[in-house]
2 protein chains.
Amino acid sequence: MADRKRPRTSRLSARDWADAALDAIRDGGLAAVAVEPLAARLGTTKGSFYWHFSGRDALVTAALERWEERETEAVILEIGEAGTPGERLRRLFRITTAAAARESGPIELALLADAGHPAVAAAVRRVTGRRIAYLVDLFAEHGCPPAEARQRALLAYTGYLGHAQLARSVPGALPRDEEAADYVESVLRALLSGGRREP
Amino acid sequence: MADRKRPRTSRLSARDWADAALDAIRDGGLAAVAVEPLAARLGTTKGSFYWHFSGRDALVTAALERWEERETEAVILEIGEAGTPGERLRRLFRITTAAAARESGPIELALLADAGHPAVAAAVRRVTGRRIAYLVDLFAEHGCPPAEARQRALLAYTGYLGHAQLARSVPGALPRDEEAADYVESVLRALLSGGRREP
DNA sequence: CGACTTCCATACGCTGCCGTACGGTTTTTC
DNA sequence: GAAAAACCGTACGGCAGCGTATGGAAGTCG
């Protein structure tokens with residue numbers, strides 16, 4: 001998030017550019033990663049950019065690396081290990097739906113959109129894999145046999161993605177406030193009921 | 001999907017341009033709606049375009065109208081009225097997941113991505129509203145009280161969107177063939193079990 | 001067949017972005 | 001504190017796409 005528009009206190013690093021590029025991706029897609037506009041937003045010029053990077057592609061790559069780095073270190077660990085799988089899932093949903101309701105949405109949304117770019121596709125593939133694997137573990141621990149766990153994990157994740165989509169583009173279609181909490185509970189019921197090994 | 005590359009038999013109509021624009025949107029997003037490339041793909045030149053349209057925005061608008069037209073007339077009616085709500089939902093899922101697995105995905109995916117454009121946002125809002133309303137009816141008929149019906153409809157639709165997303169960008173994460181059928185059944189179980197008025 | 005409308009091709013200028021060249025300024029190092 | 005390194009500003013050339021202008025070709029109607 002890196003407060004954009006700091007008054008150019010010191011000089012810039014490659015990381016600053018990568019973060020700015022991520023910001024741009026979030027609310028403009030890959031196409032918004034344009035050197036000159038970014039330079040303007042950072043209060044600098046292309047001269048800076050082409051010193052740190054060989055070109056636009058290098059910036060995109062760096063931004064993707066930075067994204068994977070962040071998402072790896074942050075998101076899943078925030079849930080912690082405490083509680084039953086159901087409770088962890090509840091925490092996860094609360095966090096993600098709240099996040100989706102606030103800002104312009106998670107970055108993967110924008111990235112999924114232009115998965116035409118090979119580097120983007122690869123990064124998205126990796127992150128998606130990690131997340132679904134995490135969810136599969138959760139459902140397995142909840143008592144689902146492997147196949148069922150995988151299916152429920154998939155439904156949970158596709159539901160998350162779709163939710164994020166709607167939050168960004170048709171926010172009016174989603175419940176707010178207490179209704180949102182009810183909705184999360186309803187989804188949890190649907191996801192956790194039945195399908196366990198020993199009922 | 002409107003066989004592109006017909007050998008320029010006769011002259012072009014505005015609809016031809018709109019369809020070509022929709023094709024472009026499907027696999028390149030709104031940014032791919034560029035007059036000169038489209039002209040090349042249609043085997044004509046800008047001269048034609050600027051006779052039929054006032055400019056790029058007009059083309060985008062026309063394409064969106066065409067999309068709404070198609071999706072209104074086609075998709076929901078294909079399900080028909082026969083069978084229980086559960087069976088209709090099964091048909092719907094079968095159709096949509098199969099469609100997502102084949103081509104480059106439904107157009108709304110690309111459109112959701114750049115919902116920054118006001119006309120796009122409006123069109124997406126309308127279509128989303130219609131679809132969710134349809135699903136709400138389905139769950140209501142299945143026996144869910146209104147609030148529950150709305151929540152399940154939402155989960156179903158967000159699940160659909162996320163599924164389409166993954167199908168386009170991380171197809172490897174989704175089940176195929178018989179597993180896909182199992183998955184649909186699993187999702188149906190999750191969506192239809194419990195939550196009815198009179199259990 | 002000729003006038004008249006409809007439709008398309010070509011040529012042009014404009015803008016936004018990429019990438020390069022190079023001189024200048026700041027910071028580091030000794 | 002001066003040379004070296006790191007960093008940035010500015011000016012340029014190039015390309016792609018938008019939109020305009022204008023001359024024709026292809027259909028239509030008397």
Side-chain angles (χ1 to χ4, degrees), chain A residues 2 4-64 110 113-114 116-120, chain B residues 2 4-64 110 113-114 116-120:
Chain A
R4 64 196 78 172
K5 265 201 193 139
R6 84 195 81 182
R8 279 306 312 296
T9 158
S10 75
R11 306 165 102 163
L12 293 173
S13 72
R15 266 248 300 272
D16 293 322
W17 280 98
D19 283 334
L22 267 185
D23 268 21
I25 288 177
R26 189 198 333 277
D27 48 53
L30 200 57
V33 180
V35 178
E36 287 169 31
L38 280 183
R41 216 156 92 169
L42 286 171
T44 183
T45 66
K46 302 196 297 180
S48 168
F49 175 78
Y50 283 100
W51 195 90
H52 293 290
F53 293 92
S54 63
R56 204 195 93 120
D57 273 356
L59 175 60
V60 170
T61 304
L64 290 175
D114 19 31
H117 193 293
V120 172
Chain B
R4 65 195 77 172
K5 269 211 190 127
R6 83 195 81 181
R8 279 306 314 292
T9 156
S10 75
R11 307 163 102 164
L12 292 174
S13 71
R15 267 247 301 271
D16 293 321
W17 281 97
D19 283 334
L22 267 184
D23 269 20
I25 287 176
R26 189 198 335 276
D27 47 51
L30 201 57
V33 180
V35 177
E36 287 169 34
L38 280 183
R41 214 157 94 173
L42 285 171
T44 183
T45 66
K46 303 195 296 180
S48 167
F49 174 77
Y50 283 99
W51 195 90
H52 293 291
F53 293 92
S54 63
R56 204 196 92 121
D57 273 356
L59 175 60
V60 171
T61 304
L64 290 175
D114 21 31
H117 193 293
V120 171

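This one's a predicted model, so the numbers in the text were calculated from it and none came from an experiment.
To the nearest 0.5 Å, atoms CG (A:L64) and CG (A:L30) are separated by 7.5 Å.
Put simply, CH2 on B:W51 is 16 Å from C1' on D:dT22, counting in whole angstrom units. B:L38 has its CG atom 14 Å from the C1' atom of D:dA16, to the nearest Å. Between the CG atom of A:D16 and the P atom of D:dC7 there is a distance of 11 Å, given to the nearest Å. Taking atom CZ on A:F53 and atom C1' on D:dC7, their separation rounds to 14 Å, with Å as the unit. Taking atom CZ of residue B:R41 and atom P of nucleotide D:dG17, one finds them 13 Å apart after rounding to whole Å. What separates CH2 of A:W17 from P of D:dC7 is a distance of 14 Å, to the nearest Å. What separates CG of B:L12 from P of D:dA26 is a distance of 15 Å, to the nearest Å.
For A:R11 against C:dT27, no side-chain N or O and base N or O form a donor-acceptor pair under 3.5 Å.
In terms of heavy atoms, A:S48 sits closest to A:W17 at OG-NE1, 3.3 Å.
Using a 4.0 Å cut-off, some side-chain N or O of B:H52 falls inside it from OP1 or OP2 of C:dC8. Considering only side-chain N and O atoms, B:S48 lies nowhere under 4.0 angstrom from the phosphate OP1 or OP2 of C:dA9.
Side-chain proximity of A:R56 to C:dC18, D:dC8, C:dC8: nearest is C:dC18. Side-chain atoms of B:T45 lie closest to C:dA9 of the nucleotides D:dA6, C:dA9, C:dC18. In the set D:dC18, D:dG9, C:dC17, the nucleotide with an atom closest to the side chain of A:E36 is C:dC17. Closest to the side chain of A:T44, from the set D:dC18, D:dG9, C:dC8, is D:dG9. Listed nucleotides D:dT20, D:dA6, C:dC17 differ in distance to B:Y50; the shortest reach to its side chain belongs to D:dT20.
Along DNA chain C, the nucleotide nearest to A:A34 and the one nearest to A:G47 differ in position, and the one closer to the 5' end is contacted by A:A34. Mapping A:S13 and B:G55 onto DNA chain D by nearest heavy atom places A:S13 at the nucleotide closer to the 5' end.
Between B:R56 and B:L38, every side-chain heavy-atom pair lies at or beyond the 4.5 Å cut-off. No side-chain heavy atom of B:D16 sits under 4.5 Å from any side-chain heavy atom of B:H52. Residues B:T61 and B:F53 fail the side-chain proximity criterion, which asks for heavy atoms closer than 4.5 Å.
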